[in-house]
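All remarks here apply to the structure that follows.
Positions are given from 1, in the same order as the sequence printed here.
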Amino acid sequence: MEGNFQLKVKDEIDYEKIIREMTLEEKFHYLTGAGSNCGYTLDRFPVKTMRYHDGPFGLRLRLTSDQKKSEAERKIRSAFPNCQKGEEAVTTAFPTGCALGATWDETVLEQVGEAIGEEFHSHGIHAVLGPAVNIKRHPLCGRNFEYYSEDPHVSGMLGAAYVKGVQKKGVAACPKHYALNNQERGRFSVNSEVDERTMREIYLKPFEMIVKEARPWSMMCAYNRINGVYASEHRELLEEILRKEWGFDGIVISDWGAVKNRAYSLLASVDLCMPYQEQAFAQLKEAYEKNLIDTELVDETIRRLFHFYERTRSVYEPEECDLEKHHQIAVNAARKSITLLKNENGALPVRKEEVKRILVVGESAADPLIGGDGSSRVSNPPYRTTPLEELKRFYGEEVEIEFLGHSFLHTYEHEIGYMEMELAQKAATADAVLIFANQDYSCTSEAIDRNHIELEPYLEHAIRVSRRVSRRVIVVLNIGSAVSTAKWNHCADAILVSWLGGQGMGTAVAETICGINNPGGKLPETFPKDLRDVESLKNYPGDGYKVVYKERLQVGYRHFDANRVKPEYEFGFGLSYSRFVFGNLEQRGDELSFDIANLSDVDGEEVAQVYISFPENSWNDHPVKELRYFKRVAVKAHETVSVHVKMTEELFQYYNAALHKWMVECGAYTIWVGNSSRNLPLRTTKSVTFGYEEGITYETSME
C-alpha cells in the first residue's frame with residue numbers, strides 16, 4: 001500500500017476531511033497523471049494510487065514500471081502505443097470491435113465486458129479504457145477495427161451492454177473517444193466541423209445511449225477539435241451536454257496527450273489529465289493566481305475523483321480469474337461474429353464425408369490477424385488458435401490438407417508465372433480450395449488511416465487462378481473493416497468474414513467451415529463496390545486544419561439509400577446455413593409483433609431489424625430509413641419465434657436544431673422489418689399525432 005495508512009477496502013474514508021487537509025499543491029498534482037497509466041499518489045492520506053489501462057478487447061499491461069520514463073518517451077507512447085517493447089502480462093485477446101459489432105448481440109457484449117472487467121480487477125486496475133464507440137464515418141479510418149458500426153443505434157446498444165458487463169466486476173468502463181474522432185489522419189488537432197443535428201443524431205447518439213442506459217463511471221474525451229474547440233476544452237460537450245443534460249456522474253479522462261492546457265481543460269470539466277505532463281502544474285498555478293480557476297472548482301473535481309475511487313475500491317483486493325473460461329467466451333463471441341456474405345452451389349459447409357483433399361491458401365490461415373495495432377492490441381494471450389491447425393484437428397487424418405503460405409504466394413519473392421502454374425496444379429486436384437485473405441497489418445492500426453479497401457494483389461490473383469480449375473473456391477476475409485470484393489467476387493463460391501476475431505478466431509472459423517457453427521453475423525458497416533461510392537470520402541481528410549462533414553446525416557447506408565447507390569453488400573447483411581422467413585406483422589396498440597420461421601433442418605440465429613421512414617409530408621429532411629431496433633433471435637429447425645417490439649417515443653424521434661431538443665413529428669411513419677437494410681419484406685404504417693404539452697398519442701393503421 002502507498003502512503004503511511006493500512007486501510008482495508010471496506011473501511012470508510014472521510015473524503016471531505018481529506019479535501020480540507022490537502023494542500024493546494026497536492027490538489028493540483030492530483031488532477032494530472034503521475035505516469036503513463038497511473039494517477040498521483042497522496043502519500044499523506046488513506047487513498048491509494050489509481051490505475052487506468054488499455055484496452056477494450058483485453059488488458060494491455062507491461063510488467064515493468066513506466067514511472068521513471070521521460071516525458072518525451074511518454075509523449076511518443078501516446079502517439080504510437082506499441083512503440084516500446086517489453087514483457088506483457090498474460091491476458092485474454094477478445095474479438096475486436098469490428099467482430100463484436102458483427103454479432104449484433106447484446107448478451108455477447110455483456111459477457112465479454114464482464115470477462116474483461118474480471119481480468120482488470122484481478123490485476124488491481126480501476127478502469128478499462130473502452131469501449132470505443134465512434135461512428136465508422138468512412139471505410140478508410142485506421143481505427144475502424146476498434147469501432148462497432150456505422151450506425152449509432154447499433155453502437156449505442158452494444159456499447160451499453162459492454163459497459164454493464166465491465167462494471168459488474170467493480171471496474172470502471174470508459175467509453176471513448178468523445179467525440180467525432182472519425183479519422184486518424186491529423187487526429188491530434190484536426191477540426192471536425194459539423195452541424196448540430198448531425199452531431200446529435202449520428203456522432204453523439206451512441207454516447208448518449210450508453211450514459212443513459214449503462215451509467216458508465218468514466219468517459220474519455222478525444223484529441224480533435226470540434227467546431228473549432230479542442231474536445232478536451234469543450235465545455236458545451238463535457239459540462240452542458242454530458243453532465244447536465246444526460247446526467248453523467250462519472251469522471252472525464254483525457255485521451256493520452258490530448259490536453260493542451262490543463263487549466264482550460266479543467267474549466268471544461270476534464271477531471272483527470274493523462275498521462276503525466278510536466279507543464280500541467282504550472283498551468284493550473286498560473287490560472288489560479290489569475291482567478292481563472294478557484295478552490296471551489298478544484299475541490300468539486302477532486303470530489304468526483306474520490307467518488308470514482310470509492311466506486312472502484314474493490315480492485316485493491318484482487319480476485320483470481322479463469323483464463324480458460326474467458327477463452328471460451330472469446331471463442332463464442334468469435335463464432336457469433338462470423339459473417340457469411342456468399343454461399344452458392346452448396347459450397348459451405350465443407351463436410352468431412354464430402355472431401356478427400358483440401359487446399360488451404362494464404363498466410364492468415366496459419367498466422368491470422370487476431371487484433372489491430374495500437375493501444376488495443378493484446379500482445380500476450382494465453383491461447384491462440386489458428387484456422388489451419390483447427391481444420392486439421394476437425395477433419396483428422398481422413399482428409400489431406402495442403403497449405404500454401406506467404407513464402408509460396410508472395411509475388412515479390414517469386415515470379416507470378418511460377419506461382420500461378422503451381423497453384424493451378426494443386427487447386428485442380430483439391431475437392432475444395434480455402435483462400436484466407438487479408439490486407440497488410442498497417443491497414444488496421446491506430447495513428448494511420450488506410451489508403452484503399454482492396455486485398456493484396458497477389459491474393460486477388462490467387463482467387464482468380466483457383467477459380468479457373470476449381471468449382472469450390474471459398475474465401476475467408478481476415479479483415480478489420482470493409483473491403484471491396486468487386487474484382488474477384490465472381491470467382492468465389494462462398495465468402496466468409498472472420499474479422500479480427502481474437503485468440504479463439506481459429507476455432508470459430510474452422511467450426512463454421514466444417515458446419516459445426518452456423519454463421520449468424522451481420523455486417524455492421526456497408527461494403528461498397530468502390531471508394532467513389534462513399535459520400536463522406538468526398539469530405540476527407542480535409543485541408544490539414546479542418547474536415548467539414550458536408551454529407552451531414554448521409555453516413556453509411558443512409559447515403560446509399562438516399563442516392564440509390566448499390567453497395568457490394570449492404571448494412572445488416574449476412575447469410576446463414578438456415579433459411580429464415582419473416583411474416584405475420586401485426587400492430588396492437590403500441591406493440592409491434594412479427595414471426596421468424598426457420599424452414600431448414602439446421603438450428604440457427606437471425607437478427608431481426610426494424611427501420612423507420614419519416615412521414616412523406618415532413619417539414620424536415622430525413623434519411624430514407626433508419627435502424628431503430630434489432631434483436632438476435634435463436635430459431636430451431638422447423639420452428640417459429642415471435643418477436644415483440646414496444647413502440648416507444650424514442651423510436652420516432654429526430655433532433656430539432658431550432659429548439660435544441662429531441663422531438664417527434666406528427667404524420668404516418670412507415671415501419672420496415674427484415675434482416676438487412678435492403679431486405680425488408682414486412683411493412684406497416686403508424687400514425688403519430690402529438691401536442692407540445694400534451695405528449696404523444698398513437699393511432700394505428702395497417703398497410
Self-check item: CA sep, side-chain torsions, deciding dist, call: Tyr629, Met647, side-chain contact (heavy atoms from CB on, under 4.5 Å)
Solution: CA-CA 10 Å; Tyr629 174 89; Met647 292 186 288; over 6 Å; no

Quiz prompt | Audit row: Arg311, Asp249, salt bridge (Lys or Arg N to Asp or Glu O under 4.0 Å) steps and yes/no | solution = CA-CA 12 Å; Arg311 282 172 156 171; Asp249 66 351; 2.9 Å; yes

Quiz item: Where do Tyr654 and His622 land on the ring-ring contact (aromatic ring centres under 6.0 Å, His included) test, with the steps shown first?
Solution: CA-CA 9 Å; Tyr654 80 103; His622 297 284; 5.2 Å; yes

Self-check item: Pair Tyr577-Thr512, side-chain contact (heavy atoms from CB on, under 4.5 Å): steps then yes or no
Solution: CA-CA 10 Å; Tyr577 296 156; Thr512 306; 3.7 Å; yes

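The number of heavy-atom neighbours closer than 6.0 Å to NZ of Lys546, taken from other residues, nucleotides and ligands shown, is 12 or below.
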With a cut-off of 3.5 Å and sequence neighbours excluded, list every side-chain donor-acceptor pair involving residues 602-609.
| from | atom 1 | to | atom 2 | distance (Å) |
| --- | --- | --- | --- | --- |
| Asp603 | OD1 | Ala637 | N | 2.8 |
| Glu605 | OE1 | Lys336 | NZ | 3.0 |
| Glu605 | OE1 | Arg632 | NE | 2.6 |
| Glu605 | OE1 | Arg632 | NH2 | 3.0 |
| Glu605 | OE2 | Lys336 | NZ | 2.8 |
| Glu606 | OE1 | Lys522 | NZ | 2.8 |
| Glu606 | OE2 | Asn675 | ND2 | 3.0 |
| Gln609 | OE1 | Tyr611 | OH | 2.7 |
| Gln609 | NE2 | Gly572 | O | 3.1 |
| Gln609 | NE2 | Asn675 | O | 2.8 |

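Checked against ring pair (Phe, Tyr, Trp, His ring centres under 6.0 Å), Phe630 has the following partners two or more places apart in sequence or in another chain: Trp104, His153. Qualifying side-chain hydrogen bond (donor to acceptor under 3.5 Å, both in side chains) partners for Gln554, counting only residues two or more places apart in sequence or in other chains: none. Applying the side-chain hydrogen bond (donor to acceptor under 3.5 Å, both in side chains) criterion to Asn617, with sequence neighbours excluded, gives no partner residue. In this structure Asp151 satisfies the salt bridge (charged side-chain N to carboxylate O under 4.0 Å, His left out) test together with Arg558, sequence neighbours excluded. In this structure Lys169 satisfies the salt bridge (charged side-chain N to carboxylate O under 4.0 Å, His left out) test together with Glu114, Glu118, sequence neighbours excluded.
Here the side chains of Met199 and Leu180 are in contact, with some heavy-atom distance below 4.5 Å.
The existence of a salt bridge linking Lys244 and Glu240 is confirmed by a sub-4.0 Å separation between a basic side-chain nitrogen and an acidic carboxylate oxygen. A salt bridge is absent between Arg197 and Asp195: the closest approach of a Lys/Arg side-chain nitrogen to an acidic carboxylate oxygen does not fall below 4.0 angstrom. Between Lys625 and Asp561 there is a salt bridge, since a side-chain N of the basic residue sits under 4.0 Å from a carboxylate O of the acidic one.
Heavy atoms only, all atoms of each residue included: Val154 and Phe571 are closest at CG2-CZ, 4.0 Å.
Ring orientation note: the planes of His138 and Tyr540 are tilted relative to one another, at an angle of 30° to 60°.
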